[in-house]
*Asks:* 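Sending over a structure as structure tokens; questions will come in a sec.
Below, chain A is the first sequence line, B the second, and so on; all start at residue 1. From a predicted model like this one, the values you see are computed outputs, not experimental measurements.
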Amino acid sequence: MQIIGKGTWIDLVAYKVIEREKSLGRSLNLIRVESGLGASGIPHIGSLADAARAAAVKLALENLGYKSEFIAFSDDMDGLRKVPQGLPEWLSNYLAYPVSSIPDPFKCHESYGSHMSSMLIDAMEKCGIEFKFMSGRDAYRGGVYTKQAVKILENWEKIGQAIEEITGQTKFRNQLPYFPICENCHRIYLPKAISYDIKTQKVAYKCEGTEIRKKFIKGCGHEGETKVDSDQGKLAWKVEFAARWASLDIRYEAYGKDIADSVKVNDWVADNILGFPHPYHVRYEMFLDKSGKKISKSAGNVFTPQMWLRYGTPQSLLLLLYKRIVGTRTLSIEDIPNYMDEVDQIEEIYFSKKEPSSMWEIKLRGLYEYIHLLKPPEKPSKHIPYSLLVQLCAIAPEGKEIEYVANKLKQYGMIKEADEIIVQRIRLALNWAKEMHEVKREKIQLNEKEKQMIKELLNTLTNDPKESQQAIFQTAKKYEVEPKDFFKTLYKILLGTESGPRLGPYIVDIGLEKARAILMQAIESS
RNA sequence: GGGCCUGUAGCUCAGCCAGGUAGAGUAUCGGGCUUUUAACCCGAGGGUCCCGGGUCCGAAUCCCGGCAGGCCCGCCA
């Protein structure tokens, strides 16, 4: 069998793009791919998926021998339609304002939209994804779309009819597919675009108001005109992609099923009005939140790339996004440890000397290269199960967690020295242990005998790990209690678990005084 | 009304998009290591791959028809 590129779905998509371009007879000198960056809310994993996958297709195209470019396009002309959960209430005063003209609630960027795009860009950069950034506002201001916008507005009646045929939406039968920004109240969507003057290239509008998310927002009543080559208005989504594709010569763009209808219309417009064969598409399913447990607290149910990167490596995140594109992905923060371990598994396969024996192995090796953006490391790293790291971090004495865990790993013979990669892994696991690994520390009821035993133990514990371990055994024997049970009691007090590390060394690790204090308190409070 | 996804071990799921011996984690049971554990290592049991048809030398995988659950769109963008 002929294997395409690295054998993954990404390569298959790239191959299909190329084949399609060949059959269209278009130039293959530069194959441009695009992804939109939402700028109206906090970017979630799905937003990153769109961008990261487009970036991967670009790499696949290059790998197959073609020049390619990936454009990350910020939709910052969109109006704010809803104040996202967790953001300040005053933003509701800016409903229907273009996100690029709303102040940044976090006060670190020039606008709300720019802040949101930056969060996604930050995630992309952390993953090592390269891209060329473009802003919608800049594109309109610079007249990038003018030629296409003019064609669209000249044909608005034909397009309105097509929109009705394709989607059933009749709105654009009596309204231009263009949203001016009201020069009086500075809001978008509210002004209704009434007519287009071919000679002056101006759109006449009246700020009537519109329904956004089931609520009618009243316009200011202003009547005015907007020039299409300005940034004082934008094309409606139903036609804007088409203008963008034709203007920027985009050959591939994926889309989520939520905007499937818009894409259908845009394809029609590109093909039939603009004379630009629409880009090749892949439709993907949404990412669904599974639990939202911890997530909801901080940022209102949004699962952001930044959250993932708090506990997992960029490679684990890219693995999630690149593993497959078909099917709904339900995802939960709880999946991170699995993906961390899976990266190690495929790394092993990648570095295995054996010839790959199946398509399956070829795919996994390819996948490994993609999660490193086709620049895989030269040597494998040490593989330590994430759960082990978490376990160790959970019991590590506060303040010296990293040394403690690194030392344990050395004792276990898993590493010789803790290098940068190991330390970084420990940091991630430590975040997990502290924030996700909930330890239910029940209040412990100690009986008189147990109290007596612990009191006695307090006097025999020393700074020597072996002696302390011995002391626990001797105390148990003296009181004719199974050592196992006594250990259990001590674990509950010290760690909130029924089991844990060898106690003698652990007591020395956390400090004899501190251990004594915790045990004392347990006696007193029960 | 239109479109899409999912259904695989007790549980959570991978494998399906490029057909080639049914997989992992977890739970259960047994063994090893550890001066109690945990962790780790070895092993075992556990399957109508939702149902029915079709294509094929060969189907969990591709096609058609059901059943069940879920998601998206329906005059916002």
*Asks:* Side chains of A/Asp50 and A/Tyr255: do they bring a donor and an acceptor to under 3.5 Å?
*Replies:* no
*Asks:* Examine A/Trp9 together with A/Tyr322 and report whether their ring centres are nearer than 6.0 Å.
*Replies:* no
*Asks:* Can you sort out which residues in residues 252-268 of chain A have a heavy atom within less than 4.0 Å of RNA chain B? Ascending by number, please.
*Replies:* A/Lys257, A/Asp258, A/Asp261
*Asks:* With distance as the sole criterion, is a donor-acceptor pair present between the side chains of A/Asp261 and A/Thr167 under 3.5 Å?
*Replies:* no
*Asks:* Among B/A77, B/C4, B/G15, which nucleotide has an atom closest to any side-chain atom of A/Glu285?
*Replies:* B/C4
*Asks:* Look up atom CG in A/Leu87 and atom CD1 in A/Ile42, then write down how far apart they are to the nearest 0.5 Å.
*Replies:* 4.5 Å
*Asks:* Find the distance A/Asp341:CG to B/U26:P and express it as a whole number of Å.
*Replies:* 10 Å
*Asks:* Please report the distance, rounded to the nearest Å, between CH2 in A/Trp9 and P in B/C16.
*Replies:* 13 Å
*Asks:* In whole angstrom, give the distance that lies between atom OH of A/Tyr339 and atom P of B/A24.
*Replies:* 18 Å
*Asks:* At less than 4.0 Å, is any side-chain N or O atom of A/Gln169 found next to OP1 or OP2 of B/A77? Yes or no.
*Replies:* yes
*Asks:* With P as the reference atom in both, quote the distance from B/A9 to B/G46 in angstrom, rounded to an integer.
*Replies:* 14 Å
*Asks:* For B/G66 and B/G3, measure between their P atoms and round to the nearest Å.
*Replies:* 13 Å
*Asks:* Students often mix this up, so state it plainly: with edges at 30° and 60°, are the rings of A/Tyr94 and A/Tyr97 parallel, tilted or perpendicular?
*Replies:* perpendicular
*Asks:* Across the strands shown, which category fits A/Lys215 at heavy-atom distances under 4.0 angstrom: base, sugar-phosphate, nothing?
*Replies:* nothing
*Asks:* If I pick the C1' atom on B/G19 and the same atom on B/C62, what distance separates them, to the nearest angstrom?
*Replies:* 8 Å
*Asks:* Looking at A/Lys171, A/Lys158, A/Arg173, which hits salt bridge (Lys or Arg N to Asp or Glu O under 4.0 Å) with A/Glu164?
*Replies:* A/Arg173
*Asks:* Figure out the CE/P separation between A/Met340 and B/A14, and round it to whole Å.
*Replies:* 20 Å
*Asks:* If we take the C1' atom in both B/C49 and B/C75, what is their distance in whole Å?
*Replies:* 43 Å
*Asks:* With sequence neighbours excluded, tell me which residues meet side chain to side chain contact (heavy atoms under 4.5 Å, CB included) with A/Ser381.
*Replies:* A/Glu347, A/His383, A/Ile421, A/Arg425
*Asks:* Looking at B/A18, B/A14, B/A77, which one has an atom nearest to any side-chain atom of A/Ile4?
*Replies:* B/A18
*Asks:* Can you tell me the Watson-Crick or wobble partner of B/A22, both distances under 3.5 angstrom?
*Replies:* none
*Asks:* Mind calculating the distance between CD (A/Glu240) and P (B/A77) to the nearest angstrom?
*Replies:* 12 Å
*Asks:* Watson-Crick or G-U wobble partner for B/A60, using a 3.5 Å limit on both distances?
*Replies:* none
*Asks:* Expressed as a whole number of Å, how far does the C1' atom of B/C42 sit from that of B/A68?
*Replies:* 41 Å
*Asks:* Tell me which nucleotide, if any, is Watson-Crick or G-U wobble paired with B/C71 when both distances must be under 3.5 Å.
*Replies:* B/G3
*Asks:* Provide the distance between the two P atoms, one in B/A59 and one in B/A24, to the nearest whole Å.
*Replies:* 23 Å
*Asks:* Report yes if a side-chain nitrogen or oxygen of A/Lys363 is closer than 4.0 Å to either non-bridging phosphate oxygen (OP1 or OP2) of B/C16; otherwise report no.
*Replies:* yes
*Asks:* Using the P atom on both, measure B/A77 against B/G20 and round to a whole Å.
*Replies:* 46 Å
*Asks:* Just name whichever nucleotide pairs with B/U28, Watson-Crick or G-U, keeping both distances under 3.5 Å, else none.
*Replies:* B/A44
*Asks:* Which residues satisfy the ring-ring contact (aromatic ring centres under 6.0 Å, His included) test with A/Phe73, sequence neighbours excluded?
*Replies:* none
*Asks:* Mapping A/Arg324 and A/Gly79 onto RNA chain B by nearest heavy atom, which one lands closer to the 5' end?
*Replies:* A/Arg324
*Asks:* Given atom CD1 of A/Ile349 and atom P of B/A24, what is their separation to the nearest angstrom?
*Replies:* 13 Å
*Asks:* Could you tell me whether the side chains of A/Tyr370 and A/Asn63 share a donor-acceptor contact shorter than 3.5 Å?
*Replies:* no
*Asks:* Please report the distance separating the P of B/U12 from the corresponding atom of B/G58, rounded so that it comes out in whole Å.
*Replies:* 35 Å
*Asks:* Start at the 5' end of RNA chain B and walk down; is the nucleotide closest to A/Asn338 or to A/Ile325 reached first?
*Replies:* A/Ile325
*Asks:* Students often get this wrong, so: under 4.0 angstrom with heavy atoms, is A/Leu12 touching a base, only sugar-phosphate, or nothing?
*Replies:* base
